[in-house]
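On a predicted model such as this, the values are computed, not experimentally measured, just so you know. Within every chain, numbering begins at 1; the chains are lettered A, B, ... in the order of the sequence lines, protein sequences first and strands thereafter.
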Amino acid sequence: MDKTFDPSRVEAQWCQTWEADGCYQPSGSGKPYSIMIPPPNVTGTLHMGHAFQHTVMDALTRYHRMAGFDTLWQPGTDHAGIATQMVVERNLKLAGEPSRAELGREKFLDKVWEWKKYSAGTISQQIRRMGSSVDWSREAFTMDPAYSKAVVEHFVRLHEDGLIYRGKRLVNWDPVLQTAISDLEVVQEEENGKLWHFRYPLANGATYVNAEGETLGYIVVATTRPETMLGDTAVAVHPEDPRYSALVASKATVMLPLCNREIAIVADDYVDPAFGTGCVKITPAHDFNDYALGQRHKLALINVLTKAAAINDDVPEPYRGLDRMVARKKIVADLEADTTYPNCHSGESRNPESESAQLDPGFRRDDEVGEGAAAGAKPAKPVYPRGLVDKIVDHKLKVPRGDRSGAVLEPYLTDQWFVDLTRESRHDGQPGKGGRLAITQPAIDAVESGRIRFVPDNWKTTYFHWLNNIQDWCISRQLWWGHRIPAWYDDAGNVYVGRSEEEVRAKYPELGGSDGSRPALRQDEDVFDTWFSSDIWPMATLGWPDNTEALKKWYPSSVLVTGFDIIFFWVARMVMMGQYFQQDVPFKDVFITGLVRDPEGNKMSKSKGNVLDPLDVVDGITLDALIAKRTTGLMNPATAPKIEAKTAKDYPKGIEAVGVDALRFTFAALATNGRDVRFDAARAEGYRNFCNKIWNASRFVLINVGALDAETGAELPSPFGRGAGGEGTQLDENSLLVSAESLTPTPLPEGEGHYTLSTADRWIISRLQKLEAEAAAHFEAYRFDLLAASLYQFIWNEYCDWYLELTKPVMQGSDELAKRGARRTLVRVLEVWLRLLHPIMPFITEEIWQKVAPLAGKTGSTIMLEPYPVANSARIDEAAEADVEWLKGFMLGVRQIRGEMDIPPGKPLPVLIQNASAADAERIARFAASVSFLARLESIRVLNAADEAPQSATALLGSMKILVPMAGLIDKAAELARLAKLKAKLENDLKMNEARLASDKFVNGAPPAVIDKERARVAQQKAELATLTEQEASISAL
RNA sequence: GGACAGUUAGCUCAGUGGUAGAGCAUCGCCUUCACACGGCGGGGGUCACAGGUUCAAGCCCUGUACUGUCCA
């Protein structure tokens, strides 16, 4: 064994061995435990977020496998419709190859499959390298034939049950990707824009009187989207708005400028009379609210846009074919130039300087909007153009953009497929429940009833809020990559839904062609929303719709580990489908992880250039290579210098290789419930060091039981079996009792009399039981951070820092029984904590366990399949723990003196003890050898009360004084300063505590146990203070 | 506008009623025979702010400020 742990040497080998030996597959016995991997998108490679979640899932999987469950971790990937199609299109563009449109559907899909193969291959390699113990024999892809069959099946069944409908409705349209998307794929971003106020002339010379008493022949409407005015079919006011009631009552109409269409003035509660002028232009075909209002008032729908969001041909000639933004400018300019409506120009003499006197209250309100939005900046003065443009003000508005393309979306009228999630009864009028009762409510119930538990719990609020405000789900996409919708149309446009064309024809006699004539059918060109295939992931990967053994055994799965960002997209929808088709939840727990962020707390993204490949942390990467990775293939190459600077700042020396185990441990340690994770490379390096510590502690143990040569580090041959160089027979556990000197195994009978356990042995065994109990509790609560902290603290600070040190004097001593006890304990405790650590650090634990296990009497072939350690409370030994605490205190005292007096660590010290209690004296006698060895003492002498102490530096252990004679060497000032510091702190505490005890409130109100504790503490502190004062006096007297 | 989360040592974070903890960073000493990716010792915090409950508050309650996220 090398002095330094080399992760790369062991990782590759164990991945292969475990997989080849079938260790990742379910055992076939025990209670079922299953985790369905959230299938990564085949859009590229895995990022830190995946590595983080996979670490959590693998820890859970390995833990439950070791704990005896029949454990399945189901792997697979997601075709990720839009995302993947976009990646492939971009790659074609970068490579200068023909575009999607040029290739045509079939050839383009060949390209996507090619990419899928590459991406899924990379992903599976990454998963393998991280040591994730997924059952590869069950690997799935959302477009596998069997999976696709399930997707079709769940669509058809929902359709048969009247829960899916097709309809012409306003949807969110992405004019770049040219597809509909669901509400969830829309991101609303606040952006700077304008609010244009237009004068719409009243038809037939009608007039009204505004709040200022002016008689006007026009009404003013405000809009953020002038181009949509071409599709206006009404102007709306509030029914109780006195300004317009006469107009409404007289059925006055408006002449829509530029189009010369007469449109109605309607009254509707939707209008906020206090906003703007209280008049709203209504464009039912291009706004969700206007659409709803239009439905109420039976307004015409005039679509003015093409699929690419240019102006279509249903509008006056000058605007046809213009891009929407070009059209916007032209429309504003044309309105400004329009002087054909004589009644509309009375206000043109308005002087901007005296605006406030002349503007009606509605205008002032608009100005305030501009002001507030500018967040403290001086509001831009409104502009008062001429013609039909009344006013233009700056305005902040929410702009809807597609989450994938970033394009500004249009509400657009198209035929789409929807899942009904809102109706009480079936949309088609047939008897039966509608989507709200059949799908949405059961999904709410599943969490409300506690059958699904969110960890952390607060995420269920988010879940409920969404489900309680849910809209129908648009599941069709105008893409090529995905599951073709199983619907067929005849020439008359009738639609038939079925599992296949054959089924459709068989189902509808008129299509069957019994007379030989088969009417032509063409399949729907569209594909499903990706989430309308991953919503059955927990079922379909187990063989649904067939009721397979796997489905029976592992459905519902045990826990879903995922990010909060897909609670709506995926989590809720799996619950819906699971409840609907299996009448059961898809998982019992949902463990929501935080996001992995960069060191500044920013989300990692390619465009920001702050992504990290987990394997670059594992294997290390130079700064130059990292910069190169982050700045190639950028959508916007201009950002490269910025990215380079930030990368150089975050990782000035690149990233050091830490190995898989250290990265996994880092993730575990940072997995605090409900918080995002700022990735910290220094932390990972710290845990790399931890691996090295583990490695060397194990070397120490192996050397001490004689399995490793202390000089050369070479494994000694045979009797210790594997790890010793191949061959070698398995010995019984007593072999570890063989002394280092004689390597010929001399089996010794086990049991009393053949070894003795020291206080240190009993202490570490006791501490181990507590660690085991903590580990179980932390797994139960998904507290991987606390689990990691417990393991780290035990292994480094207890096992290495104290226990190993405490065995050294024993090993150098002559008590053979004690040596055997120490060797036995060293090996066995090590073997146990290797197993405790294994779920987080699989590789190093396996590598070491192979060598250690035989010495601890273990015969298994892999640590992976060994039982997870369980606490045995009978082995908790509080007395031993108290003894070791005392011993640590003693050591600390001596070390402090050594440190502060600048005494070289190697110089043996004579120590005198004053004020020792009987218990102290007994412990001194018992631990003299250990303490002398560890503290490098020359001697320990307990003074009698009458004995005069020489000039010394002093430490306190309770009221016992540990004296290190300084024989004239003492730095009087330094020692006095040290004592003064101790004293000041003590006096402060004492004062506070005495005040507390003197308070009637405390004495009367606090529980007796607390008061007793406080009294004891005060007594203790008084004694210590007295000792210190005494010591101070004696030093001063020198 | 609503909801949720956060605010603790220079940094990243634990800590759900009994005198503030870890890792990293920092300072000093030490190439002691498992480990310098190490050992030993030290310094460093009025727990965002203001009230309240309690014998006792980082922790419970109310409010405020700031940060972040989601929703409208």
Side-chain angles (χ1 to χ4, degrees), chain A residues 1-5 183 187-188 398 456 458-462 464-466 469 564-565 567-568 594-595 597 599 601-603 656-659 662 666 669-704 708 710-711 713 783 785-786 788-790 792-793 796-797 800-801 804-805 807-808 812 826 891-892 894-907 933-936 978 981 985 988-990 992-993 996-997 999-1007 1009-1011 1013-1014 1017 1021:
Chain A
M1 280 176 91
D2 262 336
K3 277 173 97 170
T4 306
F5 172 59
D183 305 335
V187 283
Q188 303 276 354
K398 294 277 188 171
N458 57 290
W459 289 109
K460 71 182 185 200
T461 323
T462 310
F464 289 139
H465 183 260
W466 184 66
N469 295 283
F564 60 81
D565 49 335
I567 289 179
F568 306 147
L595 255 43
R597 296 172 176 278
N602 297 309
K603 214 166 157 171
E656 281 188 47
V658 302
T666 308
L670 294 173
T672 307
N673 264 225
R675 274 179 88 136
D676 286 348
V677 169
R678 281 193 198 197
F679 185 73
D680 180 2
R683 193 93 183 231
E685 280 175 34
Y687 293 130
R688 187 262 329 257
N689 297 352
F690 179 48
C691 288
N692 200 50
K693 190 76 180 173
I694 290 168
W695 186 253
N696 280 293
S698 305
R699 288 183 63 229
F700 174 85
V701 173
L702 291 171
I703 288 167
N704 275 285
L708 200 64
E711 296 299 316
R783 289 304 302 266
D785 57 332
L786 300 182
S790 293
Y792 185 96
Q793 137 80 21
W796 199 313
N797 303 121
C800 294
D801 286 349
L804 290 191
E805 296 304 324
T807 61
K808 285 177 181 175
Q812 291 178 12
L826 275 169
M891 295 286 300
L892 179 67
V894 177
R895 285 168 174 174
Q896 280 175 329
I897 292 172
R898 213 184 260 280
E900 284 161 32
M901 293 293 119
D902 274 340
I903 303 167
K907 182 181 157 73
F933 179 87
L934 295 176
R936 288 176 206 277
R978 197 174 71 87
K981 198 177 74 183
K985 167 140 179 50
N988 210 25
D989 289 352
L990 181 60
M992 193 174 76
N993 293 331
R996 181 170 303 148
L997 271 179
S999 144
D1000 288 346
K1001 276 188 181 174
F1002 178 72
V1003 179
N1004 297 330
V1010 172
I1011 298 173
K1013 206 172 142 195
E1014 195 63 30
R1017 182 184 285 147
Q1021 288 176 332

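Distance check on atom P: U16(B) versus U7(B) gives 13 Å, rounded to whole Å. As rounded to the nearest Å, U53(B) and G63(B) have C1' atoms that lie 15 Å from one another. Here the separation of C29(B) from C13(B), taken at their C1' atoms, is 30 Å to the nearest Å. Rounded to whole Å, the P atom of G43(B) lies 24 Å from the corresponding atom of A48(B). Annotation: A22(B) and A9(B) have their P atoms spaced 14 Å apart (nearest Å). Using C1' as the reference atom, U54(B) and G18(B) are 12 Å apart when rounded to the nearest Å. Of the C1' atoms belonging to G68(B) and C30(B), the separation is 46 Å, rounded to the nearest Å. Comparing the C1' positions of C27(B) and G10(B) gives a spacing of 14 Å, expressed to the nearest Å.
Asn993(A) meets the side chain to side chain donor-acceptor pair (under 3.5 Å) test with Gln1021(A); sequence neighbours excluded. Residues forming a side chain to side chain donor-acceptor pair (under 3.5 Å) with Glu805(A) (at least two apart in sequence, or on another chain): Lys808(A). Looking at residues two or more places apart in sequence or on another chain, you find a side-chain contact (heavy atoms from CB on, under 4.5 Å) between Leu892(A) and Gln896(A). For the salt bridge (Lys or Arg N to Asp or Glu O under 4.0 Å) test, no residue two or more places apart in sequence or in another chain qualifies with Lys693(A). Here Asp785(A) pairs with Arg783(A) under the side chain to side chain donor-acceptor pair (under 3.5 Å) rule; sequence neighbours left out. A search for side chain to side chain donor-acceptor pair (under 3.5 Å) contacts involving Asn692(A) returns nothing, not counting sequence neighbours.
With RNA chain B read from its 5' end, the first of the two nearest nucleotides for Met992(A) and Tyr687(A) is the one closest to Met992(A). Heavy-atom nearest nucleotides on RNA chain B were determined for Tyr792(A) and for Phe700(A), and the one closer to the 5' end corresponds to Tyr792(A).
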So which protein N/O to nucleotides 55-57 of chain B N/O distances come out below 3.5 Å?
residue : atom : partner    : partner atom : Å
C55(B)  : O4'  : Lys1001(A) : O            : 2.9

Can you give me the N/O atom pairs linking the protein to nucleotides 70-72 of chain B at distances under 3.5 Å, or say none if there are none?
residue : atom : partner   : partner atom : Å
A72(B)  : N6   : Lys398(A) : NZ           : 2.8

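Closest heavy-atom contact between Ala1006(A) and Ile1011(A): O-CD1, 3.5 Å. Listed here is the closest heavy atom pair of Ala662(A) and Cys691(A): N-SG, 4.1 Å. Scanning all heavy atoms of the two residues, the minimum distance from Phe1002(A) to Val1010(A) falls at CZ-CG1, 4.0 Å.
At distances below 3.5 Å, at least one donor-acceptor pair connects side-chain atoms of Arg898(A) with backbone N or O atoms of Ala935(A).
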Is there a side-chain contact (heavy atoms from CB on, under 4.5 Å) between Thr672(A) and Leu786(A) once you walk through the steps? CA-CA 8 Å; Thr672(A) 307; Leu786(A) 300 182; over 6 Å; no
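Per the geometry, CZ belonging to Phe679(A) stands 13 Å off C1' belonging to C24(B), to the nearest Å. Atom-to-atom, CG of Leu997(A) to P of U19(B) comes out at 14 Å; the value is rounded to the nearest Å. If you measure from atom CD of Gln812(A) to atom C1' of U32(B), you get 11 Å, rounded to the nearest angstrom. Put simply, CG on Asn469(A) is 11 Å from C1' on G2(B), counting in whole angstrom units.
For the pair Thr461(A) and Phe464(A), the minimum side-chain heavy-atom distance is 4.5 Å or more. Residues Trp796(A) and Asp801(A) form a side-chain contact, since some pair of their non-hydrogen atoms from C-beta on lies under 4.5 Å apart. Taking 4.5 Å as the limit, every side-chain heavy atom of Thr4(A) sits out of range of all side-chain heavy atoms of Asn696(A). No side-chain heavy atom of Val658(A) sits under 4.5 Å from any side-chain heavy atom of Thr666(A).
Classification of the Phe5(A)-Trp695(A) ring pair by plane angle, with boundaries at 30° and 60°, yields tilted.
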Could you write nucleotides 10-17 of chain B as a row of B, S and -, 5' to 3', where a protein heavy atom under 4.0 Å of any base atom gives B, of only sugar-phosphate atoms gives S, and otherwise -? --BSSS--
Which parts of nucleotides 35-41 of chain B does protein reach within less than 4.0 Å, heavy atoms only, written one letter per nucleotide 5' to 3' as B for base, S for sugar-phosphate only and - for none? B-BSSSS
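Nucleic acid contact class of Cys691(A) (heavy atoms, under 4.0 Å, all strands): none. Among the protein residues, Arg898(A) comes within range of no part of the nucleic acid, since none of its heavy atoms lies under 4.0 Å from any strand.
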Reading 5' to 3' and counting Watson-Crick or G-U wobble pairs with both distances under 3.5 Å, write the dot-bracket notation for RNA chain B, | for bases paired outside the strand. ((((((((.[[[[.)..(..]]]].(((((.......))))).....[[[[[..)....]]]]]))))))).
Residues 681-688 of chain A, side-chain donor-acceptor partners within the protein, below 3.5 Å, at least two apart:
residue   : atom : partner   : partner atom : Å
Arg683(A) : NE   : Tyr687(A) : OH           : 3.2
Arg683(A) : NH2  : Tyr687(A) : OH           : 3.3
Arg688(A) : NH1  : Glu656(A) : OE1          : 3.0

